[in-house]
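Structure record follows, encoded as structure tokens.
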Protein chains: 2
Amino acid sequence: MAEAQRRKARRVPRRTGWTRDPDGVRRNILDVARSEFARKGLSGARVDEIAALTSTSKRMIYYYFGDKQRLYVAVLEEAYQSIRTFETGLSLDALPADEALARLVGASVDYHTAHPDFVRLVMVENIHDAQHLRRSAKIHDLNLTALARVRDLYGRGVASGVFRAGLDPLDIFLTLSALAFYNVSNRATIREVLHHDMAEAAACMARRAAIIDTVLAMVRPR
Amino acid sequence: MAEAQRRKARRVPRRTGWTRDPDGVRRNILDVARSEFARKGLSGARVDEIAALTSTSKRMIYYYFGDKQRLYVAVLEEAYQSIRTFETGLSLDALPADEALARLVGASVDYHTAHPDFVRLVMVENIHDAQHLRRSAKIHDLNLTALARVRDLYGRGVASGVFRAGLDPLDIFLTLSALAFYNVSNRATIREVLHHDMAEAAACMARRAAIIDTVLAMVRPR
DNA sequence: CAGGCTTTGAACGTTTCCGTACATTTTGCC
DNA sequence: GGCAAAATGTACGGAAACGTTCAAAGCCTG
């Protein structure tokens, strides 16, 4: 056929001098994809645009990840693994319970502030009803340690008398998560509706202190 | 031309018996669109699908709203107007400041719980960096009264000695918003990661009480 | 040095999806 | 009854955007 011949006749110039680096290529794709999915959502992000922003080509995205959805899931899984690593890395056991809690809350605020992409990915995933999270075996096994950590901390604080008894550790965890998360997730609408820019350094620090204060006030004996 | 003739030849069966109701048609489209945009986001929602779910046709969507984006903005504007109406409707002045705050927080939690579509729309808008909110004159003039209300309430409470002085009313507002919002916005990921279903009635009520408690603990004198 | 894994690159097929063209009818108001 | 606004329905243009297909070659390890 004429078409087959036309294809055969095409001369393809090759690039030389590249080093074989599968992990690097995957890394590069994942980094770009994370940013794009976080910025525009799953359906808003464009495979062609992600490809254009990588140092490789669309071809390799499909080579390594199969399709757009699986790329998204890979990004999501990595994001959750990162925050888990962060959580595990905090050493709180040496501190008194109240100081440890203050540090945990502060660290949580800082992590969210420093990783807006993570926050946005979680928003995107919530819009999609967490259906990708649900199907991901990797994340199901992840079993966030954060709640267990709060449970321990709270138990310690009650025992030593610095926290009041009768609280559900889940409420403490949800409160600190909510405050740290919302602070980043709703920055844009807060800016437009309240004319207040949480990205500004002074506002950021003040809010951080207020959040720590609030969580401590919640657990303090009355 | 043959094409023109073919079109001319087409016989279009009309539907009869409908009543003239522009507002009703707009209403119907807006309701469906809100649900779809809330469920799937701006880029995830499909105009054809929205049309299919209305009792009218795609033709009318473009007739009334021009294009997808303007339909989305209309939905967003209405959602913000609704919450503003709700906020204005609360009568808190007759109550002591602490009781008034408790009622305000409870009502806020209830509103978010009862209007998950609103919560999701705000999430979607945040993903888009609030660019539609920014351009909407309607919303810019809306000037949420909620913050002013908290400011008054807080002033009253400090004067009567039930609240401690030195807080920024903005922090109170952000805290109560964050807790009420996150409770709904992150339900899906909370369910998957913590295996805890906030939609369940018992969990819902317990969390509501904990949120009220937390905000009151924040402002209580020490 | 050989074979398989990695990489290249552009063009193409196909589907999806937004928005519009058409011609016409129905309704309600004056 | 006349008229303007409201409503109808389908098919189609055209642009995205996802994913694939071709053919070939460089790189590294064993």
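All of these numbers come straight from a predicted model, not from anything done at the bench. Per chain, numbering begins at 1; letters A, B, ... match sequence-line order.
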Quiz item: Reckon B/R46 touches a base, only the sugar-phosphate, or nothing at all at heavy-atom distances under 4.0 Å?
Solution: sugar-phosphate
Quiz item: Taking the side chain as C-beta and beyond, is there a heavy-atom pair between B/M123 and A/V124 under 4.5 Å?
Solution: no
Quiz item: On a plain distance test, is the side chain of B/K68 in donor-acceptor contact with the base of C/dG19 below 3.5 Å?
Solution: no
Practice problem: Please determine if B/K40 and B/E49 form a salt bridge, counting it only when a charged side-chain N lies under 4.0 Å from a carboxylate O. | Solution: yes
Quiz item: Side chain of B/Y62: nearest nucleotide among C/dC18, C/dT6, D/dG19?
Solution: C/dC18
Exercise. Look at the side chain of A/Y64 and decide which nucleotide, out of C/dT7, C/dG19, C/dA10, has an atom nearest to it.
Key: C/dT7
Quiz prompt | Nearest-angstrom distance from the residue atom CD1 of A/I61 to C1' of D/dA17 | solution = 13 Å
Quiz item: Taking atom P of D/dG19 as reference, at what distance in whole Å does atom CG of A/L71 sit?
Solution: 10 Å
Quiz prompt | Rounded distance in Å - CG (B/D23) to C1' (D/dA5) | solution = 14 Å
Quiz item: Ignoring hydrogens and angles, are the base of C/dG19 and the side chain of B/K58 linked by a donor-acceptor pair under 3.5 Å?
Solution: yes
Exercise. Measure from NZ on B/K40 to P on C/dT16 and round the result to the nearest Å.
Key: 14 Å
Quiz item: What does A/A45 touch in the nucleic acid at a heavy-atom separation under 4.0 angstrom: a base, only the sugar-phosphate, or nothing?
Solution: sugar-phosphate
Quiz prompt | Value in whole Å for how far the C1' atom of D/dT20 lies from CZ of A/R59 | solution = 8 Å
Exercise. Tell me yes or no: between the side chains of B/E125 and A/T189, is some donor less than 3.5 Å from an acceptor?
Key: no
Exercise. Take the angle between the ring planes of A/H132 and A/H128 and call it parallel below 30°, perpendicular above 60°, tilted in between.
Key: perpendicular
Quiz prompt | Atom pair distance, as rounded to whole Å: CZ in B/R26 and P in D/dA5 | solution = 17 Å
Practice problem: Return the value, rounded to whole Å, for the distance between atom CD of B/Q69 and atom P of C/dC17. | Solution: 18 Å
Quiz prompt | Nearest-angstrom distance from the residue atom OH of A/Y63 to C1' of D/dA25 | solution = 13 Å
Quiz item: Base, sugar-phosphate alone, or nothing: which one does B/D48 contact when heavy atoms must sit under 4.0 Å apart?
Solution: base
Exercise. Give a yes or no on whether a salt bridge exists between A/R34 and A/D31, defined as a side-chain N under 4.0 angstrom from a carboxylate O.
Key: yes
